There are 2 protein chains.
Amino acid sequence: MANQQPRLDQVFAALADPTRRAIVMRLCAGEASVGELAEPFDMALPSFMKHIHVLELSGLVQSEKSGRVRTCRLSPEALVGAEDWFQHQRAIWEARLDRFEAYVMKLKQEKAAAKRPAKTTEKTTNKPSKRKGT
Amino acid sequence: MANQQPRLDQVFAALADPTRRAIVMRLCAGEASVGELAEPFDMALPSFMKHIHVLELSGLVQSEKSGRVRTCRLSPEALVGAEDWFQHQRAIWEARLDRFEAYVMKLKQEKAAAKRPAKTTEKTTNKPSKRKGT
DNA sequence: TTGTTGGTTAGCCATGTAGCAAACTATAAC
DNA sequence: GTTATAGTTTGCTACATGGCTAACCAACAA
């Protein structure tokens, strides 16, 4: 569990490059050899291999050599790990938004209560608070 | 719509650094001044400011100077954009897995049908196909 | 066995990134 | 007005990254 976090550095760094993202996208559609993967890119093979290597180090891709051809496949755990990070942040962010919304609501009610001297000054900190929608 | 994609480079590059991820996480909990943000890090201010700058360029963070203090806040669009990328990839990946599963199922049934000459060789490409569950 | 194919290693270069210290600017605070 | 505070600008290192060529190795194919 402690080993998962350092991988995020590598995963995000790997995905920061458009070539590597394209490789990942390609591999989502199924495994492929290095040559097949490299073909769409106007790049020398050694340069391309570096990208493959970065992807392997990040854990996003696994590869295996059989004969003289190396076959690459996606290893989704790393992808999922990164996605989890986003969801976690979003959860925190949204929780805060909800709290903020509740706070604004409370301010509004207090202000309203201050204007009109007598009314329901109770039931302030109460709000369904459902963000979502996507 | 075409301008969204190049931003991914910057967003992922920004998140590849643990310091910057920590800043983002901190900002999920609410806005803060540069000084407040920098305080937990054992790092000279100019170095820290570079990280802030990278985050701003990526669109993850917005900041505004009032008086002599610069206040930073998260700008969630970029975060959501990156999250969307993952979800998109995962959708493709899972669709493929489902197809693969169906394919294996079909192979199995064909094999079974070959062994036993007479049985339901129909209804092969049919499967609820719900991956999920991690 | 002699090519040819598919990948790999080694070495080089340009650029980018992460860090520093030092000096500077502009706004509070006294 | 002087001083402290909060950032900012300006160099400067060191190292990582992305690209190349050239040479190399290890399977097939003829």
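Proteins get letters first, then strands, A, B, ... in listed order; numbering begins at 1 in each. If you're wondering where the values come from, they're calculated on a predicted model, not measured in any experiment. Only this structure's heavy atoms are used, side chains among them; waters, hydrogens and symmetry mates stay out.
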Side chain of A/Asp17 only, please: which of C/dG19, D/dG18, C/dG7 is the nearest?
D/dG18

Without decimals, in angstroms, what is the distance between [X] [atom1] and [N] [atom2]?
X       : N      : atom1 : atom2 : value
A/Ile52 : D/dG19 : CD1   : C1'   : 16 Å
A/Leu55 : D/dG18 : CG    : P     : 10 Å
A/Phe12 : C/dT17 : CZ    : P     : 18 Å
B/Met49 : D/dT5  : CE    : P     : 19 Å
B/His53 : C/dG19 : NE2   : C1'   : 17 Å
A/Leu37 : C/dG6  : CG    : C1'   : 13 Å
A/Glu39 : C/dT5  : CD    : C1'   : 15 Å
A/Asp9  : C/dA18 : CG    : P     : 11 Å

Are B/Met43 and B/Leu55 grouped together when hydrophobic residues (ILVMFWY) are joined by side-chain heavy atoms under 4.5 angstrom apart?
yes

If the threshold is 4.0 Å, N to carboxylate O, is there a salt bridge linking A/Glu64 and A/Arg70?
no

Residue pair A/Leu57 / A/His53, side-chain heavy-atom distance below 4.5 Å
yes

Carefully, step by step, assess A/Leu37 and A/Cys72 under the rule side-chain contact (heavy atoms from CB on, under 4.5 Å).
CA-CA 9 Å; A/Leu37 287 174; A/Cys72 303; 3.9 Å; yes

Does anything in residues 40-48 of chain B come within less than 4.0 Å of DNA chain D? Heavy atoms only, and list the residues if so.
B/Leu45, B/Pro46

What parts of residues 59-73 of chain A reach DNA chain D, counting only heavy atoms under 4.0 Å away?
A/Gly67, A/Arg68

Short side-chain to backbone donor-acceptor contact, A/Arg20 and A/His51, under 3.5 Å
no

Can you tell me if B/Ser63 uses its side chain to pair, donor with acceptor, with the backbone of B/Thr71 under 3.5 Å?
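Not at all, since once roles are kept as given, no pair shorter than 3.5 Å links the two residues.
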
Touch check for B/Ser33, heavy atoms < 4.0 angstrom, all strands: base, sugar-phosphate only, or nothing?
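Answer is sugar-phosphate: B/Ser33 comes under 4.0 Å of backbone atoms only.
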
Interatomic distance, A/Phe48 atom CZ to A/Glu39 atom CD [nearest 0.5 angstrom]:
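Answer rounded to 0.5 Å: 10.0 Å.
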
Between atom CD of B/Gln89 and atom CD of B/Glu94, what is the distance when rounded to the nearest 0.5 Å?
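Atom-to-atom, B/Gln89:CD and B/Glu94:CD are 12.0 Å apart.
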
Should the pair A/Phe86 and B/Phe86 be assigned to parallel (<30°), tilted (30 to 60°) or perpendicular (>60°) ring geometry?
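Tilted.
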
OP1 or OP2 of C/dG19 versus the side-chain N and O atoms of B/His51: is any pair under 4.0 Å?
yes

